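Just so it is clear, the structure is predicted and the values come from calculations on it, not from any experiment.
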Amino acid sequence: MTDASLPRPAARRLRPLGRDLVGLVLIALVGLAGYVLFPDNLAFLTRVISVALLVLSLDLIVGYCGIASLGQGALYGAGAYAAGIACVHGVTEPFLLILIGAAAGAVMGLLMGAVMLRAHGLPQLVLSIAIVQLLHEAANKASSITGGSDGLSGMVPAPLFSVFEFDLWGRAAYLFGLALLIVVFAALRLIVRSPFGMVCRGLKEDPLRISALGIFAFPVLVKMFVISGAVAGMGGALAAIATQVVGLDSVSFEISANALVMLVLGGIGSLYGALIGTVIFMALEHIVAAINPFHWMTLVGAVLIAIVLFAPRGLSGTLDELARLLTRGRWGTGR
């Protein structure tokens with residue numbers, strides 16, 4: 001049965017699902033291509049996946065809710081430390097460690113949302129920075145639990161399905177992370193297209209109209225903070241499992257700021273943009289740092305300025321516009 005034989009509303013519902021299915025297949029194919037083409041860089045690629053989960057979580061509250069935040073590293077770090085501490089104390093099952101990271105991130109998201117949503121605009125941004133800095137200092141001071149500035153080590157995750165070990169080559173960690181990314185991305189696509197996701201977008205675009213409908217913004221936004229925290233926590237837990245070390249860089253202002261840069265680069269309010277921005281930024285950073293280890297930040301900054309100036313909607317927005325123009329040109333010429 002084709003779209004033409006279906007009632008018009010049913011056909012409209014099927015088209016986004018079909019596009020999402022194609023998108024998931026493309027993510028899987030690109031991920032598998034990375035596994036085949038870069039077998040010596042799987043540890044770096046796993047890091048890219050863990051950070052991609054962080055950027056996706058940031059897009060939920062910045063892109064879909066319009067909440068300014070530079071403290072997403074607090075959620076990422078909470079998941080990383082929770083998984084790391086659990087692993088050190090005998091919980092070694094990888095899937096369980098991911099769930100522990102998600103739970104820790106969700107709890108941190110609940111607390112962070114409850115604090116940040118008491119303010120608006122720039123005060124929200126300041127609160128987010130204060131939260132991540134406080135958590136960073138707390139992790140540094142609690143050295144008996146977190147390892148402090150030396151980092152938390154001694155993690156030995158159990159083999160995946162009791163067969164595939166998390167070795168130094170990173171093969172099991174990468175495929176595990178890729179599968180996790182696909183599942184999380186599919187779930188987030190369903191969430192942002194659901195009535196709940198539409199309400200969040202409405203609160204970003206016109207909060208007065210949404211409140212006139214009798215919908216209270218605070219509980220809706222707190223729920224999105226919890227979801228965002230769970231996704232970021234899974235990213236942190238994946239990083240802890242893959243590297244078997246958790247350091248203070250997992251809960252820092254730097255990783256929070258980088259995540260926002262990646263999101264702006266890829267396109268705010270687009271989950272695909274979050275993935276594109278993460279891959280481009282981290283690949284650029286990795287390549288340029290290898291070429292010029294002393295001035296690589298200058299080169300990366302120049303490229304980012306050029307992209308922001310000539311692609312203000314981010315790379316995903318620019319690609320969408322090009323696709324629209326090509327489609328319009330094809331139909332305009334009667335092809």
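- Hydrophobic cluster membership for V22: L26 (Ile, Leu, Val, Met, Phe, Trp, Tyr linked by side-chain heavy atoms under 4.5 Å, directly or transitively).
- Grouped with I287 in one hydrophobic cluster are I291, the linkage being side-chain heavy-atom contacts under 4.5 Å among Ile, Leu, Val, Met, Phe, Trp and Tyr residues.
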Do L32 and V36 pass the side-chain contact (heavy atoms from CB on, under 4.5 Å) test, and can you show the C-alpha distance, the side-chain angles, and the key distance before you say yes or no? CA-CA 6 Å; L32 292 175; V36 173; 5.6 Å; no
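- Residue A274 comes nearest to L56 through the heavy atom pair CB-CD2, 3.7 Å, listed as atom of the first residue, atom of the second, then distance.
- Note: L188 CG to S57 OG = 9.0 Å, rounded to the nearest 0.5 Å.
- Looking at T146, its side chain does come within 3.5 Å of a backbone N or O of A139 through a donor-acceptor pair.
- Note that the CD1 atom of I276 and the OG atom of S270 stand 6.5 Å from one another [nearest 0.5 Å].
- Taking both residues in full, the closest heavy atoms of A83 and A237 are given as CB-CB, 3.7 Å, listed atom of the first, atom of the second, then distance.
- In this structure, E165 contributes its side chain and P159 its backbone to no donor-acceptor pair below 3.5 Å.
- At distances below 3.5 Å, not a single donor-acceptor pair connects side-chain atoms of T92 with backbone N or O atoms of P157.
- The distance from the CE atom of M234 to the CD1 atom of I98 is 7.5 Å, given to the nearest 0.5 Å.
- We find the CG-OG1 distance between L58 and T278 to be 9.5 Å, quoted to the nearest 0.5 Å.
- To the nearest 0.5 angstrom, I100 atom CD1 is 10.5 Å from E93 atom CD.
- A continuous path of Ile, Leu, Val, Met, Phe, Trp and Tyr side chains, each step under 4.5 Å between heavy atoms, connects M282 with F38, placing both in one hydrophobic cluster.
- By the rule that hydrophobic residues join a cluster once side-chain heavy atoms approach within less than 4.5 Å of another member, L45 and Y35 end up as members of one cluster.
- Here D40 pairs with nothing under the side chain to side chain donor-acceptor pair (under 3.5 Å) rule; sequence neighbours left out.
- Pairs of residues two or more places apart, or lying in two chains, never qualify as ring pair (Phe, Tyr, Trp, His ring centres under 6.0 Å) while including a residue from residues 189-237.
- Nearest heavy-atom pair, A68 versus G121, reported as atom, atom and distance to 0.1 Å: CB-O, 4.5 Å.
- Cluster annotation: L180 is not connected to L99 through the hydrophobic network of ILVMFWY side chains, with a link wherever side-chain heavy atoms come within less than 4.5 Å.
- In this structure, the separation between OG on S228 and NZ on K223 is 16.0 Å, given to the nearest 0.5 Å.
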For residues 126-135, please give each side-chain donor-acceptor pair under 3.5 Å, one per line with the distance, not counting sequence neighbours.
residue, atom, partner, partner atom, Å
S128, OG, L70, N, 2.9
S128, OG, L125, O, 2.6

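- Across all their heavy atoms, L75 and G229 have their closest contact at CD1-CA, 3.7 Å.
- Put simply, L37 and I27 are part of the same group of oily side chains (I, L, V, M, F, W, Y) that touch within less than 4.5 Å, one to the next.
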Can you give each donor-acceptor pair under 3.5 Å made by side-chain atoms of residues 208-215, sequence neighbours left out, with the distance rounded to 0.1 Å?
residue, atom, partner, partner atom, Å
S211, OG, P207, O, 3.2
S211, OG, L208, O, 2.7

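- Heavy atoms of other residues, nucleotides or ligands lying less than 6.0 angstrom from NZ of K204 number more than 12.
- In plain terms, the two heavy atoms of L221 and L203 that are nearest each other are CD2-CD1, 4.0 Å.
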Is there a side-chain contact (heavy atoms from CB on, under 4.5 Å) between V246 and I85 once you walk through the steps? CA-CA 9 Å; V246 182; I85 293 170; over 6 Å; no
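- Judged as a side-chain contact (heavy atoms from CB on, under 4.5 Å), and not counting sequence neighbours, the contacts of L265 are I280, F281, L304, I307, L315.
- Between Q124 and S69, every side-chain heavy-atom pair lies at or beyond the 4.5 Å cut-off.
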Quick one: do I67 and V62 satisfy side-chain contact (heavy atoms from CB on, under 4.5 Å)? Show the steps, please. CA-CA 5 Å; I67 300 171; V62 175; 5.9 Å; no
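- Grouping Ile, Leu, Val, Met, Phe, Trp and Tyr by side-chain contacts under 4.5 Å, direct or through others, puts V25 with L29.
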Before giving the answer on side-chain contact (heavy atoms from CB on, under 4.5 Å), spell out for L275 and L271 the whole-Å C-alpha distance, their side-chain angles and the decisive distance to 0.1 Å. CA-CA 7 Å; L275 294 183; L271 296 179; over 6 Å; no
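- I61 is listed as a side-chain neighbour of Q72, based on a closest heavy-atom distance under 4.5 Å.
- Screening residues 51-109 for ring pair (Phe, Tyr, Trp, His ring centres under 6.0 Å), with sequence neighbours left out, gives F95-F161, F95-F176.
- Considering all non-hydrogen atoms of both residues, G177 and I49 come closest at O-CG2, 3.4 Å.
- Contact of the R47 side chain with the V51 side chain is registered, since non-hydrogen atoms from C-beta on lie closer than 4.5 Å.
- In this view, V88 and L152, M155 satisfy the side-chain contact (heavy atoms from CB on, under 4.5 Å) rule, not counting sequence neighbours.
- Within the 4.5 Å cutoff, the side chain of F44 has heavy atoms near those of the H286 side chain.
- Proximity of a side-chain donor or acceptor of D59 to a complementary backbone N or O of G269 within less than 3.5 Å is detected.
- Between T46 and L178, the closest side-chain pair of non-hydrogen atoms is not below 4.5 Å.
- At a threshold of 4.5 Å between non-hydrogen side-chain atoms, the residues M112 and V115 do not count as touching.
- In this structure H120 satisfies the side-chain contact (heavy atoms from CB on, under 4.5 Å) test with no other residue, sequence neighbours excluded.
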Give every donor-acceptor pair under 3.5 Å between a side-chain atom in residues 248-255 and any protein atom, sequence neighbours left out.
residue, atom, partner, partner atom, Å
S250, OG, G247, O, 3.3
S252, OG, D249, O, 3.1
S252, OG, I255, N, 3.4

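- The cluster map of Ile, Leu, Val, Met, Phe, Trp and Tyr, joined by side-chain heavy atoms under 4.5 Å apart, puts F310 and V261 in different clusters.
- Looking at Q244 and S153, their side chains never bring a donor and an acceptor atom within 3.5 Å of each other.
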